[in-house]
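In what follows, chains are A, B, ... by sequence order, proteins preceding strands, each numbered from 1. Because the structure is predicted, anything quoted here is derived from the model rather than measured.
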Amino acid sequence: MTINWNAIEDKWRKRWNETKDFETDPNDKEKKFITVAYPYPNSPQHIGHGRTYTLADVHSRFYRMQGYNVLFPMGFHYTGTPVLGMAKRIQSQEKEILDGLRNIYHVPEEDIKTFVEPIKIADYFHEEIKSGMIEMGYSIDWRREFTTIVPGYQKFIEWQITTLKENGRIIQGSHPVGWCPRDQNPVSQHDTMGDVEPKIDDKNYLVKFKLDDFIFPVTTLRPETIFGVTNLWANPNTVYKKIKADNERWIVSEECAKKLEFFEKEISIEGDIVGSELIGKYATALHNGSEIPVLEADFVEPGMGTGLVMSVPAHAPKDYQALMDLKAAGHELALKIEPIPVIVTEGYGDIPARDVCERLGVTNQSDQKLEEATNELYLKEFTGGKLNDRCGKFQGIKVEFGRDKVREWLQDNGHLERFPVLENGPVRCRCGTECVVKILSNQWFLNYGDEEWKEKARDCLDGMNILPNKIKTEFKDVIDWLHERACARQQGLGTKLPWDKDWIVESLSDSVIYMAYYAISRFVNDGTVSPENLTKEFFDYIFLDRGNIASAAQTSKLPREVIEMMKKEFQYFYPVDSRHSGRDLVQNHLSFFVLNHVAIFDRKYWPKEIVVNGSVMMDGAKMSKSMGNIIPLRTAIRDHGADPIRLAIISSAELLQDADFNMESVSGIQNKLESLLEECSNTKEGKIDNLEAEDRWILSKIQSMISEVTDAIEKMRLREALHDILFSFESDLSWYRKRTEAKGRKNISGILHRIISVRVAMLSPFAPHISEEMWERLGHSNQVSKSAWPEYSKESVDATSIQAEELLKSTIDDIANILRVTKITPQKIVIYVNSDQFRLTVYRKILGIMVRGQNNMGDVMKELIADPETREAKKMPDYIQKVIKDLHSESEVIKEMKLKSKGFDEKEFLSLELGDIGRKEFGVEIQVYSESDSDIYDPKGKARHARPFKPAILIE
RNA sequence: GCGGGAGUCGCCCAGCCUGGUCAAAGGCGUAGGGCUUAGGACCCUAUCUCUUAGGAGUUCGUGGGUUCAAAUCCCACCUCCCGCACCA
């Protein structure tokens with residue numbers, strides 16, 4: 001039988017649709033609000049995207065069956081810049097992107113033509129992604145759908161950002177960004193040739209010296225070494241510029257002068273000065289007024305920093321070597337200069353730079369080994385060095401901390417400025433222009449560095465359920481590490497800052513509390529309210545319970561009952577019960593989600609849970625367009641069916657692990673589901689009466705499966721749950737079949753029907769379509785998605801039958817074991833069960849001792865001897881030891897069960913049950929004796945080895 | 001540098017939080033058998049070593065430690081992977 005997956009899926013999706021199953025309004029039931037980070041529509045979703053949504057859908061469906069009123073909504077995140085870059089690339093007919101659209105995503109040519117407009121791209125993929133979500137069977141309430149650039153949402157974002165500002169969460173400051181001088185715009189990865197992210201090194205500084213009437217600025221990464229400066233370096237072959245920078249006159253390289261224009265400075269060029277003219281002059285160090293000579297050095301590059309460098313020969317190998325070279329050449333001034341050590345580091349002598357250079361055998365200032373020497377020393381001194389007594393009030397401070405202190409001190413005195421540089425330059429904009437670093441003044445920041453805010457976020461996290469639990473610490477670390485974060489951009493789609501219309505609310509900042517908007521989006525969508533109704537007073541009243549209904553009604557021009565209805569809707573669904581997202585968003589979105597909630601909402605609306613999942617690999621490799629191993633989700637659904645894809649995604653890895661998706665697992669799952677479906681067709685409901693031992697056992701087993709699966713899903717260990725339903729239980733079932741077949745029973749269809757119904761019900765959140773089909777074939781009249789989640793019932797667990805069945809299994813195993821080792825063909829098998837009352841008493845006593853946690857031989861023996869009833873046990877240490885060993889190899893659950901329940905008659909049970917199964921397995925009769933039977937057949941004296949739950953065996 | 005994670009029986013991977021049910025699940029591969037005209041699919045059996053009585057030995061990156069008992073807890077080390085921002 002081959003299943004037409006798509007036909008079955010269609011059929012059931014239509015049914016769900018007809019009854020509007022997933023449209024959720026407030027009611028009397030308890031609610032669950034499940035959300036997923038909405039997609040950014042610049043490409044169709046592939047299997048990797050499907051993971052997060054599938055997990056959330058399983059979660060939603062599980063809660064629905066448990067009787068909750070579950071809201072699972074979806075939106076689309078249009079905010080941001082990537083589609084802008086895409087549109088530009090398409091306009092310029094870039095082959096790579098066009099090929100991708102045509103060959104991997106199969107976008108129709110007439111649609112590609114429209115893609116020169118960014119919104120058209122988003123619109124196209126929005127529909128594409130949505131169709132995929134529907135085809136995957138996600139139980140989404142589509143009435144609440146929105147994009148982040150519709151007017152209603154923009155009103156909401158304006159309210160959000162205004163509220164944050166009013167709450168003092170937004171500050172203004174300056175910030176360096178990668179910048180295209182021609183486009184007059186910041187550049188991100190999507191705007192550059194080759195898609196490189198411009199990396200900015202913001203730890204680079206400019207320190208001012210004075211030379212005559214001019215400022216002589218040098219750049220450095222190590223401001224703390226200012227105390228060890230012996231001289232300055234200039235390149236004699238470079239033509240420097242005399243410039244006016246704001247109100248000061250500076251000497252810098254031409255390249256530097258250009259960079260400075262982007263650092264909020266008024267720059268004008270006044271004239272040239274050749275490097276050689278600077279050589280030999282004396283400059284003044286501003287921090288202590290000392291006079292310092294300018295010397296020549298070839299290694300000074302005009303393109304690096306200001307084109308001028310300060311020399312710290314004690315700690316900078318390059319400076320040291322350049323000085324040595326001059327001395328060797330007999331340079332008069334240089335001969336007078338000695339390195340000034342300012343940092344003490346274990347493992348290095350007085351002049352660390354000399355140590356390193358000598359050890360590595362550096363010969364001159366153009367030696368390649370200087371790079372290595374520099375790296376080593378910088379790192380070692382930073383992590384292990386301490387400032388010495390030449391550093392004034394900074395003496396004794398570790399370099400690690402001292403650097404920032406010295407920097408602040410110099411900065412406060414106006415001797416130092418930041419000089420951010422492009423770390424991975426040159427980076428080119430798509431327009432071909434080389435990018436620069438620009439310091440944006442008047443940038444708006446969310447003040448995530450605020451300690452009070454952080455504390456509140458930690459408080460929220462403490463009360464939250466984070467799945468898997470182990471990444472809770474990661475969240476805390478992120479909170480600790482966060483600082484001011486720009487929340488506005490100058491380009492891209494989105495919402496304008498209400499108070500500064502030059503800026504657009506940055507895309508990660510407009511997606512942090514939007515889940516609240518789902519509560520009202522459906523009223524906007526159905527026309528109950530329009531965007532202009534959504535005033536600040538309206539939002540304040542609904543979300544914050546601030547202000548009053550009168551002003552909300554007056555400003556929004558909405559009837560009071562409409563406002564109250566929407567407020568109720570929000571209060572019913574909020575807070576978010578579970579937020580699903582990928583692991584990569586822990587550092588930003590998910591943390592901001594927490595921070596913004598605590599900054600805006602009352603404690604009772606703080607989120608309850610975050611579920612984080614890993615990414616999806618394709619046949620062990622990371623999915624990427626360039627590798628061509630991306631499978632669009634809709635293609636996969638069409639080829640393999642939605643349910644097999646869902647299960648393959650879930651079963652390939654536990655929550656946080658990266659899932660490896662491969663086609664073998666999909667077909668394995670298809671086969672499994674096919675055989676399950678066939679089983680459903682063949683299993684009819686039947687009467688259940690006269691339970692036999694194995695019936696009681698399998699019915700008990702299904703109870704433990706219910707409990708395990710439920711428990712696993714609650715912790716979102718879906719792989720484990722699915723595995724239990726689909727595979728683990730199979731081994732119990734096959735034992736059951738073996739037993740019933742051996743007995744030749746025909747009356748088990750009722751029991752099988754009950755068991756498979758439970759399995760299908762539990763499977764349905766995972767594979768919703770095929771489960772409906774199975775459920776129907778099983779003869780149920782309702783839909784499985786509307787049936788109740790199977791509930792664990794303790795009363796259905798029959799402890800004695802579990803023990804008895806375990807005994808039977810282990811006896812069969814033992815016989816098989818003996819046969820394997822001895823390789824004999826059995827003619828006759830004889831079983832001897834223990835009947836010695838004293839041994840049984842001792843056994844139960846030991847069991848009791850072990851359940852309490854006492855496990856070693858000595859302690860057990862002591863306890864036995866202490867009890868008059870079991871004192872004689874000391875004569876049988878061998879027996880005691882074996883019993884302890886037997887019990888060790890049993891689970892705690894079974895041990896406790898054994899202890900609690902009364903014993904049962906082993907002989908009676910085995911005589912009754914062993915015959916059939918023995919004939920089937922070994923083809924011979926099995927006789928069962930009790931050790932004390934008078935008619936016992938025991939030619940080899942095996943019977944005395946029998947122990948409780950461990951009969952002795954004779955095979956001839 | 002800062003922070004996070006991983007190393008398991010041919011391969012992939014579960015178990016570790018909560019120590020004993022662990023020679024360690026599942027999948028793949030391999031070998032044998034069944035079914036089949038054949039192939040595929042499916043089902044059964046085996047798959048660290050030794051073993052003619054249900055047993056023993058050596059294993060979970062390396063080396064120590066705690067414990068009656070360690071894949072699991074603690075310490076040190078080795079190796080590998082990921083993130084470090086204004087970008088979705």
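Centroid-to-centroid, the aromatic rings of Y514(A) and Y38(A) come within less than 6.0 Å.
Side-chain atoms of N817(A) lie closest to G54(B) of the nucleotides G54(B), G26(B), A56(B). Among the nucleotides G83(B), C86(B), A88(B), the one closest to the side chain of Q587(A) is G83(B). Set against A56(B), G54(B), G26(B), the side chain of K950(A) has G54(B) as its closest nucleotide. For S507(A), taking side-chain heavy atoms from C-beta onward, the closest of the listed nucleotides A14(B), G54(B), A88(B) is A88(B).
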Quiz item: What do the steps show when you test E805(A) against R739(A) for salt bridge (Lys or Arg N to Asp or Glu O under 4.0 Å), and what is the final call?
Solution: CA-CA 10 Å; E805(A) 212 63 25; R739(A) 288 269 279 141; 2.6 Å; yes

Exercise. Evaluate the salt bridge (Lys or Arg N to Asp or Glu O under 4.0 Å) criterion for residues D886(A) and R947(A): first the C-alpha distance (whole Å), next the side-chain angles of each, then the deciding distance (0.1 Å), finally the verdict.
Key: CA-CA 10 Å; D886(A) 288 346; R947(A) 301 193 292 277; 2.9 Å; yes

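In a base pair of the Watson-Crick type (N1 to N3 plus N6-O4 or O6-N4) or a G-U wobble (N1-O2 and O6-N3), with each distance short of 3.5 Å, G3(B) is matched with C82(B). When both pairing distances are held under 3.5 Å, C77(B) makes a Watson-Crick or G-U pair with G61(B). Pair check for C68(B) finds G20(B); Watson-Crick or G-U wobble, both atom distances under 3.5 Å. With a cut-off of 3.5 Å on both pairing distances, U37(B) has no Watson-Crick or G-U wobble partner at all. The pairing partner recorded for A46(B) is U30(B), the criterion being a Watson-Crick or G-U wobble arrangement whose two distances lie under 3.5 angstrom.
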Extract from the structure each pairing of a protein N or O with an N or O of nucleotides 51-53 of chain B at less than 3.5 Å, listing the distance.
from   : atom 1 : to      : atom 2 : distance (Å)
U52(B) : O4'    : V821(A) : O      : 3.3
A53(B) : N6     : I955(A) : O      : 2.8
A53(B) : N1     : I955(A) : N      : 3.1

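Relative orientation of the F592(A) and Y448(A) rings is parallel, given thresholds of 30° and 60° on the angle between their planes. Using cut-offs of 30° and 60° on the angle between ring planes, the pair F593(A) and H589(A) is parallel.
Taking a cutoff of 4.0 Å between a charged side-chain nitrogen and a carboxylate oxygen, R169(A) and D450(A) qualify as a salt bridge. E679(A) and R737(A) are joined by a salt bridge, as a carboxylate oxygen and a charged side-chain nitrogen come within less than 4.0 angstrom of each other.
Distance noted for atom P between C80(B) and A71(B): 27 Å (whole Å). Comparing the same atom, P, in G1(B) and in G15(B) gives a spacing of 31 Å after rounding to whole Å.
Ranked by how close their nearest RNA chain B nucleotide is to the 5' end, P951(A) and S734(A) are led by S734(A).
Remark: C1' of A46(B) and CG of L819(A) are 16 Å apart, rounded to the nearest angstrom. With rounding to whole Å, E720(A) atom CD is found 16 Å from U18(B) atom P.
Across all strands shown, P826(A) has no heavy atoms under 4.0 Å from either base or sugar-phosphate atoms. Using a 4.0 Å heavy-atom distance criterion, L508(A) is classed as a base contact. Residue K476(A) is classed as having no contact, given no heavy-atom separation below 4.0 Å to the nucleic acid.
Of the side-chain N and O atoms in S509(A), none sit less than 4.0 angstrom from OP1 or OP2 of C86(B). For K438(A), no side-chain nitrogen or oxygen approaches OP1 or OP2 of C86(B) to under 4.0 Å. Here R717(A) reaches the OP1 or OP2 of G15(B): one of its side-chain N or O atoms lies under 4.0 Å away.
Judged by distance alone, with hydrogens and angles left aside, the side-chain atoms of Q670(A) form a donor-acceptor pair with the main-chain N or O of H640(A) at under 3.5 Å.
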